[in-house]
Amino acid sequence: MRMFDIIQHKRHGLELTDEEIAFFVKNFTAGNIADYQASALLMAICCNGMTDRETTTLTLEMMNSGDTIDLSRFGNCSIDKHSTGGVGDKTTLIIAPVVSSLGGKMAKMSGRGLGHTGGTVDKLESIPGYKTSISPEEFLDIVDEHGVCVIGQSGDLAPADKKIYALRDVTATIDAVPLICSSIMSKKLAAGAKNIVLDVKVGSGAFMKTIEDARLLAEKMISVGESLGRNVRALVTNMDLPLGNAIGNSLEVIEAVEVLKGRKKGDIYDICVELSANLVSMFKEITYEEARKMVIEVIDNGTAYNKMKEWVASQGGDVSTLDDTSKLSGNELKREIVAEKNCFIGAMNAEGIGVAAGLTGAGRQTKADVLDLYAGIYLNKKTGDRIEKGDVIATIYASTEEKLDLAEKKFMESITFSSEKPSKPQLIF
Ligand code: URA
């Protein structure tokens with residue numbers, strides 16, 4: 001078999017055989033196929049697409065390119081969630097304790113952020129003492145005992161995806177449905193959970209810019225997951241504006257704690273209830289309505305917050321910082337952005353606000369950058385909110401005046417004001 005022929009077949013719009021797809025994934029992972037040939041195939045896939053069978057085979061081969069985690073000891077209770085990424089997305093910090101307090105088993109490996117703000121692991125590292133690197137045995141023992149453990153990527157999960165993603169990133173081949181689907185699902189399937197909920201983001205801060213594209217991606221991911229024996233559900237949700245009010249690592253932990261203490265409602269609460277209820281209904285095999293009631297109850301009665309403390313303590317974190325979240329801040333300078341006139345927030349560009357948060361030091365430009373875990377932006381107002389002259393619209397935290405200036409400039413370019421009340425954006429499509 002020759003890579004040349006595989007590229008040619010896809011370029012002519014033919015369906016690749018399972019053998020051709022396996023040949024590409026195995027040999028590219030092993031370093032036997034040059035980047036220029038792999039890039040040519042990825043571009044042909046972008047242009048001509050893949051059938052469901054091809055996408056499933058690609059996902060399976062990528063999943064089997066490295067380690068897979070065996071969660072069979074948790075039976076039907078193993079759960080996982082994945083978000084296709086967005087600004088202010090701290091849902092894992094809330095969903096993990098909610099769902100594990102109801103008997104779910106979440107053994108989760110999460111990523112670090114590259115881009116606007118940190119990933120889940122970076123956020124958790126803002127809790128003093130929290131260990132994100134743990135041996136595989138201890139990882140599963142913690143899940144066994146406490147129902148949840150969240151650590152950084154370890155082992156060699158889907159190495160084919162790492163190599164393919166690195167090429168896609170520099171060859172304008174990121175936003176093709178079969179490639180996104182196989183990239184996300186190969187990692188999720190290798191991570192072993194029986195029940196998976198996907199949060200597919202759509203809007204200015206997301207890969208998918210239209211609801212149709214997001215729905216198509218969601219359907220493909222469900223179909224691939226189910227054909228490989230997992231229960232998968234997906235929500236398509238709005239990423240035209242940031243999720244919740246906090247963007248930045250410790251700021252997002254504080255907001256998650258507020259939700260779990262029952263003190264914060266709004267979009268972040270709603271989306272976490274929805275995602276959690278879907279997971280609970282899957283692993284308990286009960287209706288969505290029954291599951292939703294249970295989810296709301298464990299937030300209202302403090303069970304989920306206590307579970308968060310139990311989880312954080314089991315990974316070495318200082319839980320006194322959760323009881324008193326003022327301990328989760330440093331000596332950052334603070335600048336309030338104040339409204340100059342009475343009006344409404346007309347629109348917020350999620351991506352622009354994410355970039356502004358990155359400029360505070362909350363995000364990485366390169367893998368080697370060290371994050372400022374206490375920097376970021378708190379949105380005191382969001383799209384559709386009425387503002388009076390003198391109201392604080394947002395609060396920026398950064399270590400220097402220069403960073404505050406850069407973040408403020410980008411933030412102001414990313415919002416528009418309106419004299420008319422705009423409609424509140426829809427959260428879940
Ligand atoms: N997230 C991934 O892991 N892969 C993609 O291709 C896109 C988003």
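This one's a predicted model, so the numbers in the text were calculated from it and none came from an experiment. For ligands, and for the atoms within them, numbers begin at 1 and follow the listed sequence.
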Whether Thr84 lies under 4.0 Å from ligand 1, heavy atom
no
Using 4.0 Å as the upper bound for N to carboxylate O, is an ion pair formed by Lys382 and Asp385?
no
Look at Lys201 together with Asp199 and state whether they make a salt bridge at an N to O cut-off of under 4.0 Å.
yes
Salt bridge flag under 4.0 Å for residues Asp80 and Lys194
no
Name the closest protein heavy atom to atom 3 (O) of ligand 1, giving the residue it belongs to and the distance to 0.1 Å.
Lys187 NZ, 2.5 Å
Which residue and atom name correspond to the protein heavy atom nearest atom 8 (C) of ligand 1, and how close is it?
Phe207 CE1, 3.3 Å
Quick one: nearest non-hydrogen protein atom to atom 1 (N) of ligand 1, plus distance?
Ile184 CG1, 3.7 Å
Run the salt-bridge test on Lys307 and Glu310 with the 4.0 Å N-O cut-off and return the result as yes or no.
yes
Would you say Glu54's side chain and Leu16's backbone share a donor-acceptor pair under 3.5 angstrom?
yes
By number and element, which atoms of ligand 1 are closer than 4.0 Å to a non-hydrogen atom of Ser183?
2 (C), 3 (O), 4 (N), 5 (C), 6 (O)
